[in-house]
Amino acid sequence: MVILKPIIGILLLQYTRGTVATQDDLHYVNPLIGSTNGGNVFAGASLPYGMAKPVADVDGQNTGGFSTDGSNVTGFSHMHDSGTGGNPSMGNFPLFPQYCKDNLVDNCKFPKAARAIHYKNDSVVATPGYFALTLENGIKAEMTAAQHTALYRFVFPGGKAADGNELYPLISLDLTDLWDSRQNASISLDSDHGRMKGNGTFLPSFGAGSYQSYFCADFVGADVQGSGIWVNDRAGSVHELFVTRGFNNFYLQAGGYMTFIPSEDQTVTVRVGVSFISTDQACKNAEAEIPNPDDAFDTLKDQAETAWSNKLRPVEVTSGGVSDDMLSAFWSGIYRTMLSPQNMTGENPLWKSDEPYFDSFYCLWDAFRSQHPFLTIIDTHAQSEMVRSLLDTFKHEGWLPDCRMSLCKGWTQGGSNADVVLADAYVKNLTGIDWELAYKAMVNDAENEPLEWSYEGRGGLQSWKHLHYIPYLDFDYIGFGTNSRSISRTVEYAYNDYSLSVVAKGLGKDYSTYLARSGNWQNLYKDDQKSLLQNGTDTGFTGFFQPKYINGTWGHQDPIACSALASWCSLTSNPSETFESSIWEYQFFVPHDMAKLIKMVGGPEAFVARLDYFHTSGLADMGNEPVFLTVYDYHYAGRPALSASRAHAYIPSSFNATNSGLPGNDDSGAMGSFLAWSMMGLFPNPGQNVYLMIPPFFEAIAVTHPDTNKTATIRNVNFDKTFKKIYIQNATLNGVPYTKNWIGHEFFTQGMTLELTLGDRESAWGTRKEDLPPSLSDSVNINEI
Ligand SMILES: *[C@@H]1O[C@H](CO)[C@@H](O)[C@H](O)[C@H]1NC(C)=O
Ligand SMILES: *[C@@H]1O[C@H](CO)[C@@H](O)[C@H](O)[C@H]1NC(C)=O
Ligand SMILES: *[C@@H]1O[C@H](CO)[C@@H](O)[C@H](O)[C@H]1NC(C)=O
Ligand SMILES: *[C@@H]1O[C@H](CO)[C@@H](O)[C@H](O)[C@H]1NC(C)=O
Ligand SMILES: *[C@@H]1O[C@H](CO)[C@@H](O)[C@H](O)[C@H]1NC(C)=O
Ligand SMILES: *[C@@H]1O[C@H](CO)[C@@H](O)[C@H](O)[C@H]1NC(C)=O
Ligand SMILES: *[C@@H]1O[C@H](CO)[C@@H](O)[C@H](O)[C@H]1NC(C)=O
Ligand SMILES: *[C@@H]1O[C@H](CO)[C@@H](O)[C@H](O)[C@H]1NC(C)=O
Ligand SMILES: *[C@@H]1O[C@H](CO)[C@@H](O)[C@H](O)[C@H]1NC(C)=O
Ligand SMILES: *[C@@H]1O[C@H](CO)[C@@H](O)[C@H](O)[C@H]1NC(C)=O
Ligand SMILES: *[C@@H]1O[C@H](CO)[C@@H](O)[C@H](O)[C@H]1NC(C)=O
């Protein structure tokens with residue numbers, strides 16, 4: 001069954017899509033991919049962009065709550081982030097079900113470490129919108145989610161106390177989060193109505209300040225037998241509690257509990273509404289979204305599945321016989337791009353606005369490269385709302401975010417990369433965006449240095465404007481931030497200014513300043529710099545970025561430093577002139593002028609040799625986002641075949657369908673989007689109307705534009721599921737020969753068809769100068785951008 005056959009074929013196809021096919025696609029999604037080995041994915045239940053994200057929390061790799069790393073369950077909580085680094089995110093107010101020996105409440109285990117228990121290894125079930133496991137003590141926990149409400153079903157195994165009475169199920173709620181960041185918190189219990197509600201102040205997991213979180217938990221399906229609060233390992237029938245931290249920051253473990261008369265089905269259902277506005281709002285969210293919690297579970301689970309089916313609907317695969325694991329990796333990657341950012345429209349206490357509010361841009365440094373471009377093709381409307389939310393944040397907080405979580409400003413890792421997200425939306429004609437406001441926000445990043453540039457804007461702008469690079473050990477008295485990363489900030493600021501020039505030009509403004517500044521990366525290129533390995537062997541390449549002092553004298557950073565061949569560098573650990581990666585890797589980050597970079601390093605052949613060395617020597621860090629574009633940079637040297645073989649070298653060896661199948665943090669779906677784009681056969685150069693082409697990993701793939709309903713199709717002729725024929729021999733676009741090795745976004749908006757003829761050898765296709773993607777210095781094309 002394939003796309004683009006006679007009319008009758010198309011009808012048949014549409015018929016299948018509406019019924020069976022999409023269910024099949026959903027069946028390939030495995031939320032457990034990346035649940036260990038540092039992927040940090042959220043494996044629990046969520047709607048697309050949902051704020052409620054229930055899952056079991058563990059005491060091991062719990063950044064996203066759950067992990068299959070063999071660690072123990074400490075509770076079930078209602079909000080999480082997915083794939084992030086930093087501290088474990090949210091996980092506020094976890095529930096924990098248990099029996100108390102002989103029905104004595106003091107026999108129950110209340111504190112986190114005491115209550116932790118393993119689950120039956122084969123009991124974990126994770127599907128879109130649903131998560132379940134059974135604890136070793138036989139208590140089964142199932143969960144599903146509405147937008148702001150988690151719904152749990154705890155099934156107890158039954159049991160008797162020494163006196164022969166039935167054991168009463170107990171469920172506690174802990175006024176904590178995953179990393180015990182709670183400041184003060186309150187809880188109140190209403191046992192007549194089986195309700196607990198409360199609030200707490202917590203710290204963001206990778207940012208500044210604090211946030212307040214509210215909950216409203218209703219226990220149904222079994223009559224309340226007793227209730228109260230617990231503090232450390234003691235409990236009593238008091239119904240109000242306020243905890244705070246003393247002057248020495250003492251952390252008290254405390255919360256509430258209820259016990260229940262066992263019902264016939266031994267089940268206690270708990271509906272937990274969450275909010276960032278108020279406790280009342282948390283209750284209202286819960287009541288509106290799940291009015292009858294006692295018999296809502298299955299319906300809610302179905303609704304979540306339908307919501308995910310609808311989100312996956314724009315994409316259609318004709319597999320050509322590739323393995324289920326490949327399909328699973330692909331569909332799961334797409335799924336993860338829509339867990340975050342989270343839609344918190346109506347849940348923002350910081351300002352009043354009619355604009356959408358999205359949170360958990362965690363972080364744009366990760367997501368600008370391929371995740372936001374991916375949402376642009378499969379969920380255009382959502383991407384437009386996210387852009388509007390970024391702009392509304394600028395309007396009310398004064399700055400575009402670079403990273404944002406739990407209503408707080410997150411740490412900036414490099415440039416002001418929201419600029420690239422905006423330029424990408426601009427060149428792809430996203431609608432509903434106030435472009436004058438966007439321009440203002442971008443100019444603000446480029447012109448005004450904030451006092452605190454560790455979480456907004458850029459640092460070193462005086463030097464940027466007058467010296468045209470970020471100096472090593474800059475003298476900057478205007479603002480404060482971590483005075484490191486001079487090389488990676490220089491290359492990112494250059495691309496941010498390029499992004500601004502694109503929007504400025506489109507709006508008819510003077511863009512010359514920013515276009516000029518976009519060349520600043522060249523000022524850190526030291527053309528006689530060599531790179532030795534740690535044993536002294538010369539890598540054989542000359543010409544690398546190097547740090548430069550204010551006075552113009554070169555400083556020094558070993559080009560292999562901050563790679564796997566040397567040592568790790570981040571904001572806090574071993575801060576260096578490059579962030580989380582080496583000069584080797586940042587050397588390739590000139591997305592707007594690869595032609596000039598290629599010329600500087602000695603031409604296409606020298607460039608390809610360098611790129612090959614980078615990818616085969618251990619210098620490339622597949623586990624972090626700056627590497628993404630380097631997989632496809634061969635296109636700029638006229639060797640698109642090498643990009644294809646490089647992509648196959650990493651998929652599935654580094655990206656696959658196992659629980660440990662991600663090479664690093666998923667970063668809110670950034671890795672998922674890299675995988676999805678790669679397997680789809682296109683890779684975006686974000687901020688530009690450019691997708692670099694390789695053959696899809698399937699016989700055919702189609703993407704239906706969510707607004708225009710036009711279907712863009714890529715079809716491989718001679719498709720080979722063993723992936724020996726992965727080289728494009730020739731191509732047609734809508735039936736006409738097509739020799740460029742890249743294509744614009746019109747492919748999607750107009751619903752074009754690419755047909756690629758594959759062979760097992762590199763061909764001449766896409767190799768000529770006129771076939772290459774645009775570069776600023778090289779081509780007339782760039783003037784059209
Ligand atoms: C469950 O899996 C974990 C980690 O994979 C392992 O350490 C543990 O022994 C397993 N438990 C059982 C009962 O097999
Ligand atoms: C996990 O819980 C089991 C009991 O379920 C216990 O034997 C084990 O020591 C715990 N592991 C850790 C790392 O705490
Ligand atoms: C709770 O903690 C926050 C943050 O530490 C503080 O601003 C607030 O005053 C505290 N509230 C109470 C009632 O102690
Ligand atoms: C938290 O809840 C307590 C008890 O219900 C209430 O007194 C307090 O005002 C609430 N705090 C906030 C910030 O809403
Ligand atoms: C976000 O939530 C708002 C309010 O519920 C809704 O109107 C909007 O459609 C949602 N956006 C997306 C992309 O889901
Ligand atoms: C240095 O290390 C490289 C890479 O591991 C190796 O190829 C080379 O032979 C080594 N050179 C010496 C002198 O040990
Ligand atoms: C420039 O500044 C650096 C760092 O202070 C210093 O080591 C170097 O000698 C200076 N160069 C000149 C030419 O003064
Ligand atoms: C799957 O990916 C992980 C993470 O990159 C890697 O360690 C593992 O070897 C891969 N597994 C397979 C079977 O390729
Ligand atoms: C696209 O298809 C949907 C669902 O069939 C329909 O509601 C919508 O009007 C269509 N849009 C256009 C532009 O044709
Ligand atoms: C494309 O390449 C194949 C294999 O080399 C060849 O058979 C075919 O004629 C070519 N088609 C065009 C339009 O060049
Ligand atoms: C965006 O809109 C302009 C003006 O209508 C059009 O020329 C251009 O092709 C569109 N770009 C894309 C990527 O669709």
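Order of appearance sets the numbers: ligands from 1, and atoms from 1 within every ligand. The structure presented is a predicted model; accordingly, all values stated were derived computationally and were not measured.
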Where ligand 8 meets S660 - atom numbers and elements under 4.0 angstrom, heavy-atom basis =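 In order of number, 2 (O), 3 (C), 4 (C).
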Proximal ligand 8 atoms for N37, defined as those under 4.0 Å from one of its heavy atoms |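 The list of qualifying atoms is 4 (C).
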Using a 4.0 angstrom limit on heavy atoms, which residues are close to ligand 6?
->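 Lining ligand 6 at under 4.0 Å, by heavy atoms, one finds L533, N535, T537.
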State whether R336 and D666 are salt-bridged, where the test is any N-O pair (Lys NZ or Arg NE/NH1/NH2 against Asp/Glu carboxylate O) under 4.0 Å.
->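 Judged by the 4.0 Å cut-off on N to carboxylate O distance, R336 and D666 do form a salt bridge.
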Answer yes or no: is there an ion pair linking E492 with R485, defined by an N-O contact shorter than 4.0 Å?
->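 Here E492 does not pair with R485 in a salt bridge, since their nearest N and O are not under 4.0 Å apart.
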Please confirm whether R369 makes a cation-pi placement over W365, using NZ or CZ under 6.0 Å from the six-membered ring centre and within 45° of the ring normal.
->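 Yes, R369 lies over the aromatic ring of W365.
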Under 3.5 Å, N or O to N or O, is N551 touching ligand 7 that way?
->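 The answer is yes, given that N551 and ligand 7 share an N or O pair closer than 3.5 Å.
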Hey, which atoms in ligand 7 end up nearer than 4.0 Å to a heavy atom of T553?
->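 In order of number, 1 (C), 10 (C), 11 (N), 12 (C), 13 (C).
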Does an N or O from N656, backbone or side chain, lie closer than 3.5 Å to an N or O of ligand 8?
->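 N656 vs ligand 8: N/O contact under 3.5 Å present.
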Are there more than 12 heavy atoms of other residues, nucleotides or ligands under 6.0 Å from atom NZ of K721?
->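 12 or below, so no.
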Should H118 and N121 count as side-chain neighbours, where that means a heavy-atom distance under 4.5 Å?
->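 The answer is yes, as the side chains (C-beta and beyond) meet within the 4.5 Å cut-off.
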Could you tell me whether the side chains of Y691 and N685 share a donor-acceptor contact shorter than 3.5 Å?
->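 There is no such pair (donor and acceptor under 3.5 Å, judged by atom type) between the side chains of Y691 and N685.
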Answer yes if the side chains of D474 and N483 hold a donor-acceptor pair under 3.5 Å, and no otherwise.
->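 D474 vs N483: no donor-acceptor pair found between side chains.
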Is the distance between the ring centroids of F674 and F683 less than 6.0 Å?
->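 Here the rings of F683 and F674 have centres that are less than 6.0 Å from each other.
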